[in-house]
Asker: 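Below: one structure in C-alpha cells.
Every chain is numbered from 1, with letters handed out A, B, ... down the list of sequences.
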Amino acid sequence: MTDPTKSGGASHLDLAEREHTFLDANELVLNMGPQHPSTHGVLRVILKLDGEKVRGTECVIGYLHRGVEKIAENRTYTMFNPYVDRMDYVAAVSNGLGYCEAVEKLLNIEAPPRANYIRVILTELNRLASHMLWLGTHALDIGAITPLFYTFRDREEILKIYEKYCGARLTTHAFRIGGCLYETYDGFEADVKKFVSFVTPKIDEYEELLTTNRIWVERTRGVGVLSGPDCIDLGVTGPVLRASGVKWDLRKAKPYAAYSQFQFEIPTGQNGDTYDRYLVRVAEMRQSLRIVSQAVEGIPEGPIMAKVPKVLKPPVGEIYHSIEAPKGELGYFIVSDGSTQPYRIRVRPPSFVNLQALDKMVRGQLVADVVAVIGTLDIVLGEVDR
Amino acid sequence: MLDYVTGYLSSNVTPGQAGNWVWALIYILLIFLGISLAVMGMVWLERKILAHMQIRLGPMRVGPHGLLQPIADSLKLLLKEDIIPENADKVVFWLAPLMVVIAAFTVFIVIPFGPTHAVTDMNIGILFMLGVSSLGVLGIIMAGWASNSHYPLMGSLRSSAQMVSYEIAMGLAVVSAVLMTSFNAGGSGTLSMIGIVQAQAAQHTWFAFKFFPLGLVALFVFAVAMVAETNRAPFDLPEAESELVAGFHTEYSGFRWSLFFLAEYTAMLAVSSIAVTLWLGGWMRPFPSWHGPAITIPNFWEHAAPLGAVDFAFSLVPAVCFFVLAAFAFIGTLRMPKHPLMKIQKGGLGALALVLAGIGLVLLIPPVRDRIQDIFWFVAKVAVFMYLYIWYRGTFPRYRFDQLMKLGWKVMLPMGLGVLIATAVVGVLV
Amino acid sequence: MPQNYVPIFLFMGVAFAIPAVTLVLFKLVRPENPHKTKLMPYECGITPLDDARGRYTVRFYIVAILFVVFDVETIFLLPWAVRFRWLGKFGLLEMGIFLGILIVGYIWIWKKGALEWV
Amino acid sequence: MPDETKGNTSPNPDQPASQPSSSSPSSAKPPVTVPPKPTAPPPPPKPPGPVPMPWESDMVAGLKQRFGSGIREASTYLGQSYMVVERAVVYDVLQELHDEQEFNYLVDCTATHYPQRAQPFEVIWILYSFNRNERIRVKTLLAEGEAAPSAVPLWSTANWLEREVYDMFGIRFDGHPDLRRILLPEDWKGFPLRKDHSIIQQDQEWVQINLGIESGQ
C-alpha cells in the first residue's frame, strides 16, 4: 500500500522492453481504444498481454479534454452553470446540483425547501437514468444485448419528465444558483408517481434477465475485485466503494439538499467484485425510487428561488462541496476572489479517480475482463477528461 | 442427351449415385440458390425476431416490413469499396473468405433433404462432413494471419482454439449417434447420411429419443458444440465486438466481409442440418409410423389410391403453413398505414400474400404435395434450430474465453465421452 | 462407388467459382480510392506500434496438440461404432480398454493443468 | 465538528484584521444563515460574508505542538476547516494525518495559481476521514519551480491527481513514481491553468505537427 510503484496505477510501459521466458510468448501489446466499441467513449487503454492474460495496463486519457476548469475562470458563476452538464453528460442534473450548491455555500445562501425537494426528485431520477444507461451498456459489453433496449426504454421516461420540466433531455441545466428556475409543470407529481409505479416492475425485469443468469454470474463474479481498503486507498467512491462493503454515501454522511428528510438504505456488497457492483447499483435504483416517491409525496409549497443578487459576487474565500453523484463523490472546489468570475474551480470527478483503479482491478485477469471492469467502473469520458 | 437428363427423374437415387453429372450440377446450383436465399431470409428473420425480443421493430423501411432489406444489404456490400490493408498478405487475404465459404458450403453435398434429394450419398458422409466443416477454421486462421493486425490475430487464434475444442465433443456425440445406427436388423451401422435417416425409420424412432435420455444428451452436446463451432452467441468470442471489435474479420470490408457472413450463416444451416439428420429423423415427419385409418381422397387426374388419414393430414401441413403466412401478410396489408406514400409497400405486401397463397395452393396438388413433404419437414426442423440460434443471441451474455475452454474441455468432452460409453453399454445390454 | 465422390469436386469448384467470379466481376463497379490512412490496419485509431505476427502464448499450441490426440481417437471410434452390434461385448471391452487409456491420459492432462487457461 | 450543512460560523467580532473579506466595519452583527438581504439597495452597506475563524481542535493543537510554526494557519471558513502548512513539513503533516488521525481518503489534490504572490502556487490536499466523517484541507505554498512532496506513498489516489496538477500547473511532485502529463499530449508545451496562460492560447507547434492544421482555434 505504501509502495508507490506497486499500487500507484500503471507505470509507463516501455514498448521496447520485453520479457523473454522459456516457452512463454512475447508480451503482446494490445491497444484498446480510443476507437473501440467498449471503452465507453474515447478512453485508450494499452494492454500488456500474455496470451489473453493482462500483465499491465496504461490508461491514456484526455481525448475529450475541453479545459472546463479554464473555461470556468473566464465565465461568471451563472454562465458557467451549463458547462458542468457537459462533464458527466449522462448525469447532468447531478453535476448541476453539485455546482449550484457549492456556489450557494460560497454565497452563504440556501435554496428554499421546495427547490430542494425538486432538486432531490430530479437528481434521483437522474441517478436512475445514469444507472440504467450503465446497466444497458455494461450488459452489452458482457455480450447481453437485450437489456440495453429495456433500460433505454425506461430511461426514456425519465428524459420525458426532464423535457417537460425544463425543455432539455440530456444536458438539462435544470437548476440555478439559489434554487430552481422553473416551477414544476402541471401534473409533474402525477408523472413522477406514474413513472415510479411503471419502473418498479421493470427493475425486476432486468434482474430476471441477469441476476441469476449463469453466464452473467460467471462473467462477473470474482472479476475486478477491489477490497474496501483498496477502494479507500485509491479514492474510489460511489457504488464501487459500497460494493466493497464500505457503507458510505455522501447523502447520509454529509447530507445536502433535502436528503436528511428521507428514509433510504445504503446498499452494500461484500466481495467488491463486478457482480456485487451490479447488485449494488440495482439496489440503488430501487432506493432512488424510494426517495423519489417520498419526495414527491412530501413536496412542500413555497418559493423555488432564494433571494439571489443579480450579479453574483461571492466573498473572498474557498469552498469545497461535494455530492453523491451516480458515479461517486463529485466535488467542486471553488476559489473566489470577490469578483463575478470564479478565481479557480476545481472539479473532483468521480470517474477520473475511479478509472485509476482499473489497473489494480484487471491485472492478472483476461482481456474480456478489462471490458467488464471498464463497464463496471461506470466511467464517462466527458467527466474523466473534462 | 435429353434422355440422359430426363432418365434420372425416374430413378430413386441421388444424382451422385446415379452418376448423372448434369443433375448433380443442377442440385448443386439449387443448393447454392436455396442457401443464399435462406441466408438472406435468415438475416431478415434474425433482425426482425431479435428486434421484437428487444421491443423494437427492426428493419421497416426497405420494402414492406423491411422484406427487401437483405437485398439492399447485399447490393450495398457488393458495391462497397474493398479495402486490403497495406501490410496484409494479399494472396492469403484474398483466399481466406473463399476458403471459409467453400468449407461451409461443401458440407451440404451430403445433406439429404429427402430420400433422393441430396447431391450425393457417400458411405462416409458423416466423416466427410466432420472433415470438411473443420476446414473452416483454416480460413479463419488465414484471415487473422493475413490481416497483420492484433485484433484479427487474436480473434482467429481464439476461434481456432474454440473450434477445435468443441470439435471433439461434437465428434463424440456423432459417434454415439452412429453407434445407434448399428441397431438395425442387419446389425451393421452406416456413416451415410441417408443411411442414418433410414436407420431411424427402420428403428421407428428418432435417435434423440433412443435409449432415453442418452440420445437427448448426445443431441444436447452436439447442439452446444455446434453453437461454438459456428461462433455464435453465447460463444461468439472470435468476433466479440466488445473486446475484439470484430475478431478475425476486422480488416475485411465490403463483399469479402459478406462472404464471411454468408459462410457463418451457411455453417449454421449446415450444422443444424446435421443435427436434424442425426437425431431428429432428417426428412421424416413427426410420428412417421403412425398412419391412421385408410381413406381415399378423390382427385381428377389419376386413380385415387387409399392412404392413411394421418399421412394425409401431415401432407397438408406445408400448404397450411403457407396459407398461414399468406394470412399474416394479408393482415399486414390491412394494417398498413393509410398514407399515399405507403401504397407501394401495401401493394408489395399484398402481392407477397398472393404469392404465398399461390405457393400454398400449388403445394396442395397431390404429386407436388407428396414430393415436397420431405423437404418441408427437413427445413422446418432446421428452422427450429435457427430460431434457437437467434434466441440464444437475444438472451445470453457472452462467455469469457477461459470459461469457454473450460466448458469445452471439462464439461462437454467428459459429457460426450460419458454418453458414448453409456450408449455402448446400454446397447450391449439391450 | 467412386462416382459418389466426383460431385465433391464439382461442388468445390462451384463454391469457389461463384464468390470468386462475383468478387472479380464487381471490381468493375466498386469504387477504388485507396488512401494511406484507409489502408492502415485497425488499431483503434492509433498508428500500429509493431507487427502483429509475433509469438503467441503457448496455450493455443497445447490446445492444438490435444485436439489432434482426441480427434484421432474419435476417428478410431467410428469404425467400431458402425460395427458395434456385430462386435458386441468383445468390441465393447476392446473399446473400453482403448477409451480407458485415453481417459487416463485425459485425467493426467487435467491434473497437469493443460486445460487451465489462466 | 465541521457540519457543513448548518452554518455554525457566527462571526467573531474580535476577528483579526487579516480577514480577506472586504467587509464594512459598520455592521457588527451580520446574519449568517439567512441569505444576505439587500434591504437597502442605494447605499450598499454590503453585509459581510462569513469570515475565517481559528480552527481549534485537539488534532490541530497536536499538530501545532509537533510542527510549531510549520502550521502557518489553521482556520475554519463556512464550516470547512483548512490549514496552511510550510512546504518543508507538509509531507510529515500529511503522513501524520494519514497514519494517526485516520484521514485515509484523499478526496482531491489540486492547486491554485496566484501570480502576484511571492509564492505563487498553492497546492491543496482535501482529506476525508471515514471514521470521523470529517473533511479538511491542507494547503502549502510553493514558489515558482519549487516541487511539492508527492502524496502517492500515503494515498494511491494521488498518482493521477498529482499528474493532473503537473499537467495543468507545471508543479512537480517529488517522489512521484510516474510524473507525466495526463490529459494533454506528452510533448505539449505550456501549463494551461496558470493565470498567465490565456484561454485561447495553445501549443501551435504541436497542433501543426500532430494534427496537420494551422490552428486548433
Asker: B:Asp82, B:Leu29, B:Ile31: which one forms the most heavy-atom pairs within less than 4.5 Å of chain C?
Answerer: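 Answer, by heavy-atom pair count under 4.5 Å with chain C: B:Asp82.
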
Asker: Among B:Phe108, B:Trp145, B:Phe105, single out the residue with the greatest number of heavy-atom pairs under 4.5 Å to chain C.
Answerer: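 Ranked by heavy-atom pairs under 4.5 Å with chain C, first place is B:Trp145.
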
Asker: Could you tell me the separation between the CG atom of C:Leu78 and the CD1 atom of B:Ile124, rounded to the nearest 0.5 Å?
Answerer: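 One gets 10.5 Å once the value is rounded to the nearest 0.5 Å.
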
Asker: For chain C, which candidate among B:Ala424, B:Gly254, B:Gly171 shows the most heavy-atom pairs at distances under 4.5 Å?
Answerer: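 Looking at each option in turn, the highest pair count goes to B:Ala424.
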
Asker: What part of B:Leu259 is in contact with chain C, defined as an atom under 4.5 angstrom from a non-hydrogen atom: side chain, backbone, both or neither?
Answerer: side chain

Asker: Please rank B:Ile421, B:Leu157, B:Thr250, B:Ile126 by heavy-atom pairs under 4.5 Å with chain C and give me the top one.
Answerer: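 Top count of heavy-atom pairs under 4.5 Å with chain C: B:Leu157.
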
Asker: Ignoring hydrogens, what is the shortest heavy-atom contact between C:Phe67 and B:Trp409? Give both atom names and the distance.
Answerer: N-CH2, 4.0 Å

Asker: Atom CG of B:Leu429 and atom NZ of C:Lys89: how far apart are they, to the nearest 0.5 Å?
Answerer: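 Reported to 0.5 Å precision, the distance equals 7.0 Å.
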
Asker: Answer with side chain, backbone, both or neither: which region of B:Leu420 has an atom nearer than 4.5 Å to a non-hydrogen atom of chain C?
Answerer: side chain

Asker: Roughly how far apart are C:Thr74 OG1 and B:Leu130 CG, rounded to 0.5 Å?
Answerer: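 Here the rounded value is 8.5 Å.
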
Asker: Is the number of heavy atoms from other residues, nucleotides or ligands under 6.0 Å of B:Lys410 NZ greater than 12?
Answerer: yes

Asker: If you count heavy-atom pairs within less than 4.5 Å of chain C, which of B:Leu25, B:Leu413, B:Val110 leads?
Answerer: B:Leu413

Asker: Chain B: which of C:Pro79, C:Pro19, C:Pro34 shares the most heavy-atom pairs with it under 4.5 Å?
Answerer: C:Pro19

Asker: With only heavy atoms counted, which part of B:Glu251 is less than 4.5 Å from chain C, the side chain, the backbone, both or neither?
Answerer: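 For B:Glu251, side-chain heavy atoms alone lie under 4.5 Å from chain C.
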
Asker: Identify which part of B:Thr190 has an atom lying under 4.5 Å from any heavy atom of chain C, answering side chain, backbone, both or neither.
Answerer: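 The answer is the backbone of B:Thr190.
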
Asker: Identify the heavy atoms of B:Ile28 and C:Phe11 that sit nearest to each other, and give their distance.
Answerer: CG1-CD1, 3.6 Å

Asker: So which heavy atom on B:Leu78 is nearest to which on C:Arg30, and how close?
Answerer: O-CG, 3.5 Å

Asker: Can you name the closest pair of heavy atoms from C:Leu23 and B:Arg256 and give their distance?
Answerer: CD2-NH1, 3.5 Å

Asker: Select one option (side chain, backbone, both, neither) describing which atoms of B:Pro414 are under 4.5 Å from chain C's heavy atoms.
Answerer: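 Both parts, backbone and side chain.
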
Asker: Can you measure from CD1 (B:Ile109) to CZ (C:Phe9) and round to the nearest 0.5 angstrom?
Answerer: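 The distance works out to 9.5 Å.
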
Asker: Top residue by heavy-atom pair count (under 4.5 Å) with chain B, among C:Leu102, C:Val29, C:Leu66, C:Ile103?
Answerer: C:Leu66

Asker: Please examine the side chains of C:Ile75 and B:Leu127, heavy atoms only from C-beta on, and report whether any two atoms are closer than 4.5 Å.
Answerer: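 Sidechains of C:Ile75 and B:Leu127: in contact.
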
Asker: Side chain, backbone, both or neither: which part of B:Phe32 has a non-hydrogen atom closer than 4.5 Å to chain C?
Answerer: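 When you check distances to chain C, only side chain atoms of B:Phe32 fall under 4.5 Å.
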
Asker: Against chain C, label B:Ile84 side chain, backbone, both or neither, depending on which of its atoms sit under 4.5 Å from a heavy atom there.
Answerer: backbone

Asker: If you define the side chain from C-beta out and look only at heavy atoms, does anything of B:Val101 sit under 4.5 Å from C:Phe16?
Answerer: no

Asker: Nearest 0.5 angstrom please: C:Phe70 CZ to B:Leu417 CG, how far?
Answerer: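 Result: 7.0 Å between the selected atoms.
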
Asker: Is it the backbone or the side chain of B:Lys80 that comes under 4.5 Å from a heavy atom of chain C, or both, or neither?
Answerer: backbone

Asker: Could you look at C:Leu77 and say if it's the side chain, the backbone, both or neither that has a heavy atom under 4.5 Å from chain B?
Answerer: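 Its backbone and side chain both get close to chain B.
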
Asker: Less than 4.5 Å to any heavy atom of chain C: does that hold for the side chain of B:Leu172, its backbone, both, or neither?
Answerer: both

Asker: Starting at CD1 of C:Ile18, measure out to CG of B:Leu98 and round the result to the nearest 0.5 Å.
Answerer: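 Here the rounded value is 11.5 Å.
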
Asker: Taking all heavy atoms of B:Met405 and all of C:Val63, pick out the closest pair and write down the distance.
Answerer: CE-CG2, 3.6 Å

Asker: So what's closer than 4.5 Å to chain B heavy atoms on C:Ile109: side chain, backbone, both or neither?
Answerer: neither

Asker: Can you find a pair of side-chain heavy atoms, one from B:Thr181 and one from C:Val82, that are under 4.5 Å apart?
Answerer: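 A side-chain contact is absent here, since even the closest heavy-atom pair is not under 4.5 Å.
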
Asker: Look only at the side chain of B:Glu167 and the backbone of C:Asp71, and say whether a donor-acceptor pair between them is shorter than 3.5 Å.
Answerer: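 Flag not set: sc B:Glu167 to bb C:Asp71 has no pair under 3.5 Å.
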
